[in-house]
Student: 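Below you'll find the structure I mean.
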Amino acid sequence: MSVRVRFAPSPTGFLHIGGARTALFNWLYARHLGGAFVLRIEDTDAARNTPEAVEVILSGLRWLGLDWDEGPQTGNPAGPSLGRNGPYFQSQRSANYRQRVEELKAKGLAYESDGTVKFRMPRETMLIPDLVVGDVKRELTDREAVDPDFVIVRSDGQPVFHLVNVVDDLEMGITHVIRGEDHLANTAKHIALFRAFGAEPPKYAHIPLILNPDGTKMSKRDQGASLMTYRDEGYAPEAVVNYLMLLGWSPKDDRQILPLAEVIQMFDLPQILRHNARFDLAKLQWINYEYLRTMPIDRYCELGRSMLQRHGVFLSGYDPGYVRAAFSTCRDKVKLLADLPLFSDFYFQTDIALPAEAREKDFHPENKERLVKLRTALAGLVVFDAAQVEAAIKSMATQLGVKAGVLVHPTRLACTGKTVGPSLYHLMEVLGKERVLHRLDWALK
RNA sequence: GACCCUAUCGUCUAGCGGUUAGGACACUGCCCUUUCACGGCGGUAACAGGGGUUCAAUUCCCCUUAGGGUCGCCA
């Protein structure tokens, strides 16, 4: 039988970074085995469910590149979906749950109590086989020893998570449940439910959780818990995926940057580590930088354009070749795409404003005299490329008996309005002679 | 309170009885250098503690400690 896994998030309005990793591991396992990756929306809690909240999940998964074989295509519960095992919204499956509850009641395995329906949980130690953790013997807790039965239908008629989760996994033919370790203790309930339906439970794989840097549980409110903040701050999705897969899984050969295709080949459940991992932003940033500087330049431009746009810098009026050249000079200086506007916006401005203190420090009369001479030299260049510009500046410095830095610093300020940025010579080449001379004139006024 | 999981540098990890305990991030020294970076060559840094088993434990077992999770008419 072919493998079927699922990611079953609840639409809370955002996609948790830990949920994203759970989705990733499910996806990886499905792709590794050529199985199906099912997306199911657990929207039983009507109060906080909106189509928008579902869209957040869908767009998060799409952003990461985790495509699903079955599941909704939009946030609309009644909308289009992929696959023949739907509906994929629990809010659309009430009839299934009702029928299953009747089945349990008919078998004497569920009963009514205080307006609810409770499941008759076996009063015994349960063995939970787990592909990651191994066999777990789950004894009854003190409270369960008193009464192990649990509610499966609320007094308002709504079915509870444990019930719907099991019914859906059963009816959707899920073979492997890969989920966070926070569900491990609950699994005894789920196994009992499967058996009550006369079905064999799926294989379980409980993966460790992602903790905050200080080792506490990462909850919704914690900094960095939402996947989308990484997109907004300019992380490349391929880098986020790479980082996430390294939390609890390792290629065991010391590599940190791994092609996804290769990971799909290697990935398997038993090698997943059993202990929780702390989220390390510095490592993510490093990985992100590695991707940023090695990805195809067109991909880089795509990410860069949308980042600048979000910062109010519009590039539609500029030649694509110019934009590409401009971004190229920033590539190995910018670690986070969010910093790209700071490094590149001067390429897309007509007038450069000099900081007030720079006027006094770098454009005092003596320096202005030198810069006028440099301006003349630059104006005389036939080929205005980085090598020629560098040669011109250095020879002018020699001629004036000063260090190159004396000319370099003010020239950078005149061209970019900033003290940091791409390599000066290269940035001047990209700007072109005309813009450079114009900016020097402007600064020397 | 009960139950469950876990434990190698600060962090992510390699290790599956005998290793100078390896790599990466971070930190840091030097070099390179037009800013900022990159890069190159180094450095600091770990087997939580205590018992066993064994000729030999980071590795296997037990206990303690610590961290995390679960015991809902949340999911």
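Each chain gets a letter, A, B and so on, in the order its sequence line appears, and its residues count up from 1.
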Student: Tell me whether the guanidinium CZ or amine NZ of R6(A) lies under 6.0 angstrom from the six-membered ring centre of F37(A) and within 45° of its axis.
Tutor: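 Pair R6(A)/F37(A) does not count as cation-pi.
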Student: What nucleotide, of A24(B), C73(B), U70(B), holds the atom closest to the side chain of K217(A)?
Tutor: U70(B)
Student: Whole angstrom is fine here: how far is it from CG in D142(A) over to P in G1(B)?
Tutor: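 After rounding, the gap between these two atoms is 10 Å.
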Student: Which nucleotide, if any, forms a Watson-Crick or G-U wobble pair with C38(B), using both distances under 3.5 Å?
Tutor: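 Pairing partner: none.
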Student: For R143(A), report the nucleic acid contact type (base, sugar-phosphate, nothing); a contact means any heavy atom under 4.0 Å.
Tutor: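 Base: the residue R143(A), judged by heavy atoms under 4.0 Å, touches a nucleobase.
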Student: 5'-most contact on RNA chain B: V160(A) or F279(A), nearest heavy atom basis?
Tutor: F279(A)
Student: Would you compute the distance between atom CG of L400(A) and atom CG of L371(A) and round it to the nearest 0.5 angstrom?
Tutor: 9.0 Å
Student: Out of C25(B), A37(B), U34(B), which nucleotide sits closest to the side chain of K333(A)?
Tutor: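 Shortest atom-to-atom distance from the side chain points to A37(B).
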Student: Can you find a side chain N or O atom of H206(A) that sits less than 4.0 Å from OP1 or OP2 on U70(B)?
Tutor: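 No, H206(A) has no side-chain N/O under 4.0 Å of OP1/OP2 on U70(B).
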Student: The side chain of N186(A) is closest to which nucleotide in this list: A75(B), A7(B), A26(B)?
Tutor: A75(B)
Student: Does any donor-acceptor pair link the side chain of K189(A) with the base of U70(B) at a separation under 3.5 Å?
Tutor: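 Such a pair does not exist between side chain and base.
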Student: Counting side-chain heavy atoms from C-beta on, which of G68(B), A7(B), C3(B) comes nearest to H275(A)?
Tutor: A7(B)
Student: Using a 4.0 Å heavy-atom cut-off across all strands, classify G248(A) as base, sugar-phosphate, or nothing.
Tutor: sugar-phosphate
Student: Heavy-atom nearest nucleotide on RNA chain B for H409(A) versus V136(A): which residue maps closer to 5'?
Tutor: V136(A)
Student: Which glycosidic conformation, syn or anti, is assigned to C38(B) if syn requires a torsion within 90° of zero?
Tutor: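 Base orientation relative to the sugar is syn.
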Student: Starting from P on G68(B), measure out to CG on L184(A) and report it in whole angstrom.
Tutor: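 Whole-Å distance recorded here is 17 Å.
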Student: Using a heavy-atom cut-off of under 4.0 Å over every strand shown, decide if H183(A) touches base, sugar-phosphate, or nothing.
Tutor: base
Student: Are there over 12 heavy-atom neighbours, none belonging to H426(A), within less than 6.0 Å of that residue's NE2?
Tutor: no
Student: Is there a side-chain polar atom (N or O) of R154(A) under 4.0 Å from OP1 or OP2 of A75(B)?
Tutor: yes
Student: Taking only N and O in the side chain of S423(A), is any of them less than 4.0 Å away from OP1 or OP2 of U34(B)?
Tutor: no
Student: Using a heavy-atom cut-off of 4.0 Å across all strands, would you classify Q256(A) as base, sugar-phosphate, or nothing?
Tutor: base
Student: Does A46(B) pair with anything, Watson-Crick or G-U wobble, both distances under 3.5 Å, and if so, with which nucleotide?
Tutor: none
Student: Report the relative orientation of the aromatic rings in H16(A) and F14(A); use parallel for angles under 30°, tilted for 30 to 60°, perpendicular for over 60°.
Tutor: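 Correct class here is perpendicular.
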Student: Can a side chain N or O of K252(A) be found less than 4.0 Å away from OP1 or OP2 on U13(B)?
Tutor: no
Student: Using atom P in both nucleotides, what's the gap between A56(B) and U19(B) to the nearest angstrom?
Tutor: 14 Å
Student: Using a heavy-atom cut-off of under 4.0 Å over every strand shown, decide if P213(A) touches base, sugar-phosphate, or nothing.
Tutor: nothing
Student: Would you indicate what L140(A) reaches in the nucleic acid, counting non-hydrogen atoms under 4.0 angstrom: base, sugar-phosphate, or nothing?
Tutor: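 Sugar-phosphate only.
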Student: In the structure shown, which nucleotide is the Watson-Crick or G-U wobble counterpart of C71(B), with both distances under 3.5 Å?
Tutor: G1(B)
Student: Check every atom of C38(B), C73(B), A2(B) against the side chain of T116(A) and return the nucleotide holding the closest atom.
Tutor: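 Side chain of T116(A) sits closest to C73(B).
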Student: Classify the nucleic acid contact of K137(A) as base, sugar-phosphate or nothing, counting any heavy atom under 4.0 Å across all strands shown.
Tutor: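 Touches sugar-phosphate only.
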Student: Roughly how many Å apart are U13(B) and G18(B), using the P atom of each and rounding to a whole number?
Tutor: 23 Å
Student: Contact class for L273(A) (heavy atom, under 4.0 Å): base, sugar-phosphate, or nothing?
Tutor: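 The residue L273(A) makes sugar-phosphate contact but no base contact.
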Student: Contact class for R255(A) (heavy atom, under 4.0 Å): base, sugar-phosphate, or nothing?
Tutor: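 No contact.
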Student: Within the structure provided, determine whether R412(A) and K418(A) are in side-chain contact (heavy-atom separation under 4.5 Å).
Tutor: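 Side chain of R412(A) against side chain of K418(A), heavy atoms only: no contact under 4.5 Å found.
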Student: Between N242(A) (CG) and U13(B) (C1'), how many Å, whole number?
Tutor: 14 Å
Student: Please state the C1' separation for the pair C62(B) and A24(B) - nearest whole angstrom.
Tutor: 35 Å
Student: With a 4.0 Å cut-off on heavy atoms, is L424(A) in touch with a base, just the backbone sugar-phosphate, or nothing at all?
Tutor: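 The residue L424(A) makes base contact.
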Student: What's the closest nucleotide to the V151(A) side chain, out of C73(B), C71(B), C38(B)?
Tutor: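 The listed nucleotide nearest to V151(A)'s side chain is C73(B).
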Student: Using a heavy-atom cut-off of 4.0 Å across all strands, would you classify S250(A) as base, sugar-phosphate, or nothing?
Tutor: sugar-phosphate
Student: How many whole angstroms separate atom CG of D182(A) from atom C1' of C74(B)?
Tutor: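 Between C1' of C74(B) and CG of D182(A): 12 Å.
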Student: Determine whether I191(A) and M126(A) make a side-chain contact, defined as any pair of heavy atoms from C-beta on separated by less than 4.5 Å.
Tutor: yes
Student: Using atom P in both nucleotides, what's the gap between G17(B) and C61(B) to the nearest angstrom?
Tutor: 12 Å
Student: Hey, does the side chain of R138(A) come within less than 4.0 Å of C3(B)'s phosphate (OP1/OP2), counting only N and O?
Tutor: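 Result: no.
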Student: Side chain of Y289(A), heavy atoms from C-beta onward: which of U13(B), G1(B), A37(B) has the nearest atom to it?
Tutor: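 Nearest nucleotide to the side chain: A37(B).
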Student: What is the distance, rounded to the nearest whole Å, between atom CD1 of I210(A) and atom C1' of U11(B)?
Tutor: 14 Å
Student: I'd like the C1' distance from G10(B) over to C27(B), given in whole Å.
Tutor: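 9 Å, rounded to whole Å.
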Student: Side-chain N or O of R331(A) versus OP1/OP2 of A37(B): is the shortest distance under 4.0 Å?
Tutor: no
Student: Roughly how many Å apart are A45(B) and G23(B), using the P atom of each and rounding to a whole number?
Tutor: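 Those two atoms are separated by 14 Å.
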Student: Distance check needed: U70(B) C1' versus F161(A) CZ, whole Å only.
Tutor: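 Result: 12 Å.
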Student: Base, sugar-phosphate, or nothing: which does G421(A) touch, judged by heavy atoms less than 4.0 Å apart?
Tutor: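 Answer is base: heavy atoms of G421(A) come under 4.0 Å of a base.
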Student: Pair F25(A), H32(A) - check ring pair (Phe, Tyr, Trp, His ring centres under 6.0 Å), show working.
Tutor: CA-CA 10 Å; F25(A) 280 16; H32(A) 173 67; over 10 Å; no
Student: Determine whether H162(A) and H190(A) satisfy the following criterion, ring pair (Phe, Tyr, Trp, His ring centres under 6.0 Å), listing intermediate values before the conclusion.
Tutor: CA-CA 7 Å; H162(A) 299 301; H190(A) 300 178; 5.1 Å; yes
Student: Using whole Å, what does the distance between atom C1' of nucleotide C12(B) and atom CG of D254(A) come to?
Tutor: 12 Å
Student: So how far is it from E42(A) CD to S91(A) OG, rounded to the nearest 0.5 Å?
Tutor: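 Between atom CD of E42(A) and atom OG of S91(A) there are 11.5 Å.
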Student: Any side-chain N or O of K335(A) under 4.0 Å from OP1/OP2 of A37(B)?
Tutor: no
Student: Touch check for D114(A), heavy atoms < 4.0 angstrom, all strands: base, sugar-phosphate only, or nothing?
Tutor: base
Student: With rounding to the closest Å, how many angstrom separate the P atoms on G29(B) and C36(B)?
Tutor: 15 Å
Student: Go through the steps to decide whether R274(A) and E181(A) satisfy the test salt bridge (charged side-chain N to carboxylate O under 4.0 Å, His left out), and finish with yes or no.
Tutor: CA-CA 9 Å; R274(A) 288 178 285 276; E181(A) 197 211 70; over 6 Å; no
Student: Please state the P separation for the pair U58(B) and G67(B) - nearest whole angstrom.
Tutor: 25 Å
Student: Once you apply a heavy-atom cut-off of 4.0 Å, does Y425(A) come out as touching a base, just sugar-phosphate, or nothing?
Tutor: base
